[in-house]
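Only one structure is covered here, and it is reproduced in the block below.
Heavy-atom basis, side chains included; hydrogens, waters and symmetry copies ignored. Numbers restart at 1 for each chain; the letters A, B, ... are given by sequence-line order, proteins then strands.
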Amino acid sequence: MTLKIYNTLTRQKEKFVPFKKGRVGIYVCGPTVYDHPHIGHAKSYISFDVVVRYLRHLGYKVRYVQNITDVGHLTDNADAGEDKIEKRAKLEQVEPMELVEMYMRSYYEDMDALNNIRADISPRATGHIPEQIELAEKLIDKGFAYEANKSVYFDVSKLKDYGKLSGRKLDEQESGARIEINPEKKHPADFALWKKAEAGHIMKWNSPWGVGFPGWHLECSVMSMKYLGETFDIHGGGIENVFPHHECEIAQSETANEMPFARYWMHNNMVTVEGQKMGKSLGNFVTLKDAFKLFSPLTIRFFVLNTHYSSPIDYSNEGLDAADKGLERLHNTIRNLRERLGSSGNEGAVATGDWKGKLEKYKNNFEEAMDEDFNTAEALAVLFNLTKEVNNLLNSDEEISEGVLSEVDSLYRTYGGNVLGIVPEKTVQHDSDDADVYKMEEDLIKALIDTRNELREAKQWEQADKIRDKLSELGIIIEDKKEKVAWRKK
RNA sequence: GGCGGCAUGGCCAAGUGGACUAAGGCAGUGGAUUGCAAAUCCAUUAUCCAGGGUUCGAAUCCCUGUGCCGCCUCCA
């Protein structure tokens, strides 16, 4: 079995062979931290989180770098307009760096909730200004960039393969169609490496060309090569960044290093809301903090993974409701399984017979799905097929060996937990971490269940149902099973 | 105007030439189980946007048309 990845650069699915045996370097474009993260961030970073998790599952030693863009770049286009971070900072009446800190924390808070494992290195653009200046100088020295009015631009016409990622040709672009042509540029498609700071600009640094700030594309080139080397394995990002951002990164990096840049380019698709792209400038975005009020982070994660990363998803309450129920079903089975696991009492640490083969089959099916360009939708289907069979097993009257139970549980932990991140370590019934509250809550519920059982024995159904209904209103679901009465939180 | 993508059951969504008599989730219907529920199980629901072509064989490849979306300005 070999992992295959769709490479935007070659426009085909390719076998994944890392640059250095056993190791993978991956760089994913991070957020610009000037607002709370939204559903779009969730899709992107969940997708790449699973990529990293699966690569690690396959045994690769992965170094995952994801930048934090903490210098604003510009509101209107790459070369004009106001710095987004400054603009927002003024609005909120805080220092730009204060704003950055605030939203960076917000970002991590939400990503942690979504169960994304943090990157190994999270470099910040403002922490790499000298390197960015150095790269711009190098490009000038090589004759691929020029200074104009204290700004520096990359000379696109010097590069024969500019456009190889996005499939664009310079002369086919309708320059100036939507933005005004900057007269400082030799060619309309030239892009800024360094911009002169106009009066009143706050976030600025000294440079050989005067006081200014770096162009947007430069940071990713600099930080990826610094931490992953001039050539590295995977570069990921949103599909909307293929052009110009990633195209420009390639131009800068490959010109400077005279080496291939990223070997596999992965692009995740967009989130739409009512069929329309969700964009910062469109103002129709749903923040994760708002979404979390209605749905659990794991439900959102499951919803995202139910569609291939390269397909768009439409965010809707109906869609999330459906996902919520599906995930609940999976969790129910796992909880039942784990309850049974501690109590079956019979020995035999490994699965034998039918189940040995079945588990092997499910593992293979899961990995085959993931090997096909991280097909999480199909991988989830494999888990649901398993779930049906596990439910049948748990419902049957036959004795189940501890080995089977524990191997099924470990399959859920490995694939549902470690790889997809949708199966929690513990299936907890409580919200509270406080041991005293936890204990009291449990005792109270048990007391009510005991009372209800007495009523049931006396066939006083009305009273018994009243307790069940009341508990249900409080979010506690009672399930009368053959052997005992179980409860769980909704 | 240029470049790219998508169109699969009521909804969401895999599958991209032959075990597809099309995965999986949600919803519906009928049944089993239950004091009633909950949970679970069983059964049931599609010929793949339209038309043409290639092929022994197509949802899957090619052409035409229709509709939707993204990029060419910041954006995950």
Query raised in the report: For RNA chain B, whose closest nucleotide is more 5', that of A:Ala322 or that of A:Arg11?
Result: A:Arg11
Query raised in the report: Hey, does the side chain of A:Ser472 reach the backbone of A:Ile477 with a donor-acceptor pair shorter than 3.5 angstrom?
Result: no
Can you check nucleotides 13-19 of chain B for protein contacts, nitrogen or oxygen pairs under 3.5 Å, and list what you find?
| residue | atom | partner | partner atom | Å |
| --- | --- | --- | --- | --- |
| B:rA14 | OP1 | A:His308 | N | 2.9 |
| B:rA14 | OP1 | A:Ser311 | OG | 3.4 |
| B:rA14 | O3' | A:Asn375 | ND2 | 2.9 |
| B:rA14 | O2' | A:Glu378 | OE1 | 3.4 |
| B:rG15 | OP1 | A:Asn375 | ND2 | 2.9 |

Query raised in the report: Taking all atoms of both residues into account, what is the closest heavy-atom pair of A:Tyr54 and A:Glu367, and its distance?
Result: OH-O, 3.3 Å
Query raised in the report: Using the C1' atom in both, what is the distance from B:rA23 to B:rU16, to the nearest Å?
Result: 15 Å
Query raised in the report: For atom C1', what is the distance between B:rG4 and B:rG24, given to the nearest Å?
Result: 29 Å
Requested in this report: Sugar-phosphate means primed atoms, P, OP1 and OP2; the rest is base. With that split, encode nucleotides 33-43 of chain B 5' to 3' as B, S or - using protein heavy atoms under 4.0 Å.
Outcome: --BBBBSSSS-
Query - Partners passing salt bridge (Lys or Arg N to Asp or Glu O under 4.0 Å) against A:Asp465 (at least two apart in sequence or in another chain) - result: A:Arg468
Report task. Find the distance A:Lys169:NZ to B:rG2:P and express it as a whole number of Å. Result -> 13 Å
Query raised in the report: Can a donor-acceptor pair be found between the side chains of A:Ser106 and A:Lys289 at a distance below 3.5 Å?
Result: yes
Requested in this report: For A:Asn385, answer base if it contacts any base atom (sugar-phosphate contacts may also be present), sugar-phosphate if it contacts only those atoms, and nothing otherwise; contact means non-hydrogen atoms under 4.0 Å.
Outcome: sugar-phosphate
Report task. Given salt bridge (Lys or Arg N to Asp or Glu O under 4.0 Å), test A:Glu101 with A:Arg105 step by step and report yes or no. Result -> CA-CA 6 Å; A:Glu101 198 64 35; A:Arg105 289 179 198 182; 3.6 Å; yes
Requested in this report: Determine the contact category for A:Asn241: base if any of its heavy atoms lies under 4.0 Å from a base atom, sugar-phosphate if only primed atoms, P, OP1 or OP2 are that close, otherwise nothing.
Outcome: sugar-phosphate
Requested in this report: Would you indicate what A:Val271 reaches in the nucleic acid, counting non-hydrogen atoms under 4.0 angstrom: base, sugar-phosphate, or nothing?
Outcome: base
Requested in this report: Would you mind reading off the distance between A:His267 atom NE2 and B:rC69 atom P, rounded to a whole angstrom?
Outcome: 23 Å
Query - Partner residues of A:Asp397 under the side-chain hydrogen bond (donor to acceptor under 3.5 Å, both in side chains) criterion, sequence neighbours left out - result: none
Report summary line: Under a 4.0 Å heavy-atom cutoff, the residues of residues 107-118 of chain A touching RNA chain B are none
Query raised in the report: If you measure from OG on A:Ser311 to CG on A:Asn306, what distance do you get to the nearest 0.5 Å?
Result: 11.5 Å
Query raised in the report: Counting any heavy atom closer than 4.0 Å, what does A:Lys325 reach on the DNA or RNA strands: base, sugar-phosphate only, or nothing?
Result: sugar-phosphate
Query raised in the report: Looking just at side-chain N and O atoms, do A:Thr69 and A:Asn67 make a donor-acceptor pair shorter than 3.5 Å?
Result: yes
Report task. For B:rA19, decide between syn and anti, treating a glycosidic angle within 90° of 0 as syn. Result -> syn
Report summary line: side-chain contact (heavy atoms from CB on, under 4.5 Å) with A:Tyr309: of A:Val50, A:Val51, A:Asp373, only one passes, and it is A:Asp373
Query raised in the report: How would you label the contact of A:Ala381 with the nucleic acid (heavy atoms, under 4.0 Å): base, sugar-phosphate, or nothing?
Result: base
Query raised in the report: Can you tell which of B:rA76, B:rC72, B:rC26 lies closest to the side chain of A:Arg168?
Result: B:rC72
Query raised in the report: What does A:Gly238 touch in the nucleic acid at a heavy-atom separation under 4.0 angstrom: a base, only the sugar-phosphate, or nothing?
Result: sugar-phosphate
Query raised in the report: Do A:Arg488 and A:Asn332 come close enough that some side-chain heavy atom pair is under 4.5 Å?
Result: yes
Query raised in the report: Can you tell me how far the CZ atom of A:Phe302 sits from the CG atom of A:Leu330, to the nearest 0.5 Å?
Result: 7.0 Å
Requested in this report: Using the P atom on both, measure B:rA50 against B:rC11 and round to a whole Å.
Outcome: 15 Å
Report summary line: Correct closest heavy-atom pair for A:Ser221 and A:Gln252 would be OG-OE1, 2.8 Å
Query raised in the report: According to the Watson-Crick and G-U wobble definition with distances under 3.5 Å, which dot-bracket string, read 5' to 3', encodes RNA chain B, using [ ] for crossing pairs and | for pairs with another strand?
Result: ((((((((.[[[..)..(.....]]].(((((.......)))))....[[[[[..)....]]]]])))))))....
Query - Stepwise side-chain contact (heavy atoms from CB on, under 4.5 Å) test for A:Tyr264 and A:Thr10 - result: CA-CA 9 Å; A:Tyr264 299 85; A:Thr10 56; over 6 Å; no
Query raised in the report: With no hydrogens and no angle check, do the side chains of A:Glu274 and A:Tyr315 hold a donor and an acceptor under 3.5 Å apart?
Result: no
Query raised in the report: When all nucleic acid strands are considered with a 4.0 Å heavy-atom cut-off, which category describes A:Phe48: base, sugar-phosphate, or nothing?
Result: nothing
Query raised in the report: CG/A:Leu193 to OG/A:Ser151 distance, rounded to the nearest 0.5 angstrom?
Result: 10.0 Å
Query raised in the report: Nearest nucleotide by nearest heavy atom, which residue falls closer to the 5' end of RNA chain B, A:Phe302 or A:Ile239?
Result: A:Phe302
Requested in this report: Check every strand shown and say whether A:Gly275 touches a base, only sugar-phosphate, or nothing at a heavy-atom separation below 4.0 Å.
Outcome: sugar-phosphate
Report task. Under 4.0 Å between any heavy atoms, over every strand shown, what does A:Ser166 touch: base, sugar-phosphate, or nothing? Just pick one. Result -> sugar-phosphate
